[in-house]
Amino acid sequence: YLIERQVDNIGHFPVIDLIKFTEKKLKFKYTSAQASKLTDMYLVRNIIAHNTGLVRPSYIKQLPPTIKVITNEIRLTDAYLKYMAKNIEACVIRVEKHVIKKFYISKAV
């Protein structure tokens with residue numbers, strides 16, 4: 001139950017709080033480039049998930065320049081989706097390596 005509640009709470013964090021949470025709990029630091037990319041991708045994700053792809057006028061300037069908005073609808077290219085997948089994978093790999101090193105590699109020799 002406690003784990004489920006924690007996961008539910010984390011799932012509602014804004015991206016900056018997710019980054020801070022990871023840094024605090026795992027002592028893991030994203031690069032500034034990774035944090036910036038994650039922030040951009042999180043905005044895109046939220047527009048799709050919560051606004052069915054409709055972009056509020058105040059969000060248009062926050063979107064990466066490679067993303068087009070036509071008649072208030074977000075338009076993603078295959079290239080951008082591949083870019084997102086590649087960058088998320090790179091972040092996950094870095095976190096996994098950090099976790100393995102921190103918790104699973106024996107320090108005693």
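Index from 1, following the sequence.
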In terms of hydrophobic clusters joined by side-chain contacts under 4.5 Å, are [X] and [Y] together?
X   : Y   : result
I16 : L26 : no
V99 : V92 : yes
L54 : V69 : no

Would you say that [X] contacts [Y] through its side chain, given a criterion of any heavy-atom pair below 4.5 Å between the two side chains?
X    : Y    : result
H50  : R45  : yes
I100 : I105 : yes
F21  : D17  : no
I47  : L63  : yes
L38  : L18  : no
I74  : Y59  : no
L2   : R5   : no

(message) Among residues at least two apart in sequence or on other chains, which ones pass side-chain hydrogen bond (donor to acceptor under 3.5 Å, both in side chains) with H12?
(response) none
Non-hydrogen atoms of [X] and [Y] that approach each other most closely:
X   : Y   : value
F13 : N9  : CD2-O, 3.3 Å
F28 : E23 : O-CG, 2.8 Å
E73 : V55 : C-CG2, 4.3 Å
K37 : Y83 : CG-OH, 3.3 Å

To the nearest 0.5 Å, what is the distance between [atom1] ([X]) and [atom2] ([Y])?
X   : Y   : atom1 : atom2 : answer
R56 : Q62 : CZ    : CD    : 10.5 Å
M41 : Y80 : CE    : OH    : 6.5 Å
K20 : Y30 : NZ    : OH    : 14.0 Å
L43 : I67 : CG    : CD1   : 8.0 Å
I19 : K29 : CD1   : NZ    : 9.0 Å

(message) Counting only heavy atoms not in I70 (residues, nucleotides, ligands), do more than 12 fall under 6.0 Å from its CD1?
(response)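 It does: I70 CD1 has more than 12 such atoms within range.
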Donor-acceptor contact present, side-chain [X] to main-chain [Y], <3.5 Å:
X   : Y   : result
D8  : E4  : no
S36 : S32 : no
K61 : S58 : no

